[in-house]
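Atoms within each ligand, like the ligands themselves, are counted from 1 in listed order.
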Amino acid sequence: MIPAFTYEANPAHVVFGDGTVEQVSTEAARLFASKVLVLTTPQQAEQGEAVRKILGDAGVGLFARAAMHTPVDVTEAAMKEVERLGVDCVLAIGGGSTTGLAKAIAYRTDLPQIAIPTTYAGSEMTPILGQTDGGRKTTIRDPKVLPESVIYDVDLTLGLPPGLSVTSGMNAMAHAVEALYAQNGNPVLRVFAEMGIRHLASSLPTIARSPDDRDTRREALFGAWLCALCLGSSSIALHHKLCHVLGGSFNLPHAETHTIILPHAVAYNAPAVPDAMAAMTRALGSDDPAGALYDLAKDMDAPVALADVGMEAADVDKATEILLENYFWNPQPLVAARIRDLLADAVAGRRPSRAG
Ligand code: NAD
């Protein structure tokens, strides 16, 4: 039976395919933009320069200093370029860090954005901005930060290293998993979520072995888009809240942390969300979704232990305390002792038990 529900769609113009970056001038024209500032990380400056060339006269500048967690001092430096060049549009080409910088500029100026994602993180489809100031991370939800135009180009993902492809893909799956049991979940998002998980679970193992397999990359990027739609329209719970604490307060790497926590968060919530577990069972082809997610990561040589990405067993109590400082909704009651167990298992890299 279809339940009563509400569904909020985020307006964005999406172009998906191979070689679609060539359409960037059409997208700029659609936004009436004639002075575009291209944003990248230092590592992707060359890709940014190539896009600037495609834009021709409209590509008025390149700012190649985007950094993880959107530090406010970097945004302020970029704002100086925005003002100096009198730009009327910002374009982010890169992963969530670069998209975050474009969003931070849009938050301050309301300038339109073009996002060209080159990872599977999914920030391009969300009205969410996370930024850091003096080591503190805050999150804002505002329609102003949602990119107006998103260009998914399979070609640009071919060079994403296999290790980052795998963890970034697992990061995307986490968005879909939490949409399956979100407090504001609905049947529309659950269709996107199940399909997103299925496409990523089926494509990531091939990408880990053959990162330049174009058909598989196309499937993964499509799956990542579906998962990003889920994050953009649904509320989050234990998994994302925990990753936020681990990234923000313990400086753990974003995609790897999502990869490690996901099986444990699924096991924790499993008893409370039978319909979500049934959807994951279909998508993953296993009646033990938490174990299957752990095995998937391990088989692709992704990290499965927080100890391997910088967390110590001694940090477990502090992380639990920070997590539970502010109330948030979760389908399963949040019990400090059980969160500590979850984290201890994740630090040690133990496979989550079937019973949760
Ligand atoms: P990232 O953007 O930090 O990229 C990691 C590294 O990979 C960078 O050096 C980048 O230049 C490089 N890279 C990216 N694509 C590449 C490619 N195709 N080829 C070669 N190198 C490439 O990593 P991420 O995981 O995409 O993003 C993480 C950040 O995004 C975090 O700060 C996270 O909080 C944020 N995020 C925000 C949202 C949101 O909705 N606000 C959603 C997801 C992630």
Side-chain angles (χ1 to χ4, degrees), residues 10 12 21 38-48 50-51 64-72 74-75 92-104 106-107 113 115-132 137-147 150-176 178-179 207 211-212 217 220-221 224-225 227-236 239-241 243-249 251-259 302 309:
N10 289 313
V21 71
V38 177
L39 309 169
T40 66
T41 60
Q43 294 84 354
Q44 290 182 278
E46 218 174 287
Q47 258 175 333
V51 174
R65 284 174 50 195
M68 184 79 100
H69 304 312
T70 324
V72 166
V74 174
T75 303
I93 173 162
S97 298
T98 309
T99 309
L101 176 58
K103 288 175 158 184
Y107 182 65
Q113 304 167 67
I116 310 183
T118 61
T119 69
Y120 305 129
S123 177
E124 68 280 357
M125 296 307 295
T126 83
I128 306 163
L129 165 65
Q131 44 185 0
T132 45
K137 185 161 183 174
T138 51
T139 305
I140 296 160
R141 207 178 173 106
D142 189 321
K144 231 171 25 178
V145 307
L146 180 78
V150 180
I151 300 178
Y152 287 101
D153 186 339
V154 177
D155 290 15
L156 300 179
T157 64
L158 296 174
L160 188 63
L164 184 52
S165 301
V166 163
T167 53
S168 190
M170 297 282 297
N171 178 195
M173 286 167 89
H175 307 330
E178 291 230 297
I207 289 173
D212 49 6
R217 283 289 192 179
L221 192 59
W225 174 35
C227 294
L229 282 166
C230 291
L231 182 65
S233 293
S234 67
S235 54
I236 55 173
H239 172 83
H240 283 81
K241 291 283 184 183
C243 291
H244 196 137
V245 169
L246 297 174
S249 301
N251 207 23
L252 299 193
H254 179 81
E256 288 90 338
T257 302
H258 274 267
T259 303
V309 297

What residue and heavy atom of the protein are closest to [atom], and at what distance?
atom                    : answer
atom 13 (N) of ligand 1 : Q44 OE1, 3.4 Å
atom 43 (C) of ligand 1 : A121 O, 3.4 Å
atom 41 (N) of ligand 1 : I128 O, 2.9 Å

Open item on the list: Between H69 and H254, do the side chains contain a donor N or O and an acceptor N or O under 3.5 Å apart?
Closed with: no
Can you sort out which atoms of ligand 1 are near [X], meaning under 4.0 Å from one of its heavy atoms?
X    : answer
T119 : 14 (C), 15 (N), 26 (O)
T118 : 14 (C), 15 (N), 16 (C), 17 (C), 18 (N)
T126 : 39 (C), 40 (O), 41 (N)

Task: Test item, S168 contacting ligand 1 (heavy atom, 4.0 angstrom) - done: no
- [ ] Determine whether any heavy atom of K103 lies closer than 4.0 Å to an atom of ligand 1.
- [x] yes
Open item on the list: Looking at non-hydrogen atoms alone, which of L160, L231, L164 comes nearest to atom 17 (C) of ligand 1?
Closed with: L160
Task: Nearest option to atom 18 (N) of ligand 1, as decided by whichever heavy atom of L156, T157, D155 sits closest - done: L156
TODO: Work out which heavy atom in L231 is nearest to a heavy atom in I128; give both atom names and the distance.
DONE: O-CD1, 4.2 Å
Task: Single hit among H175, H258, H244 for side-chain hydrogen bond (donor to acceptor under 3.5 Å, both in side chains) with H239 - done: H258
- [ ] Look at the rings of W225 and Y152 and say which category their plane angle falls in: under 30° parallel, 30 to 60° tilted, over 60° perpendicular.
- [x] tilted
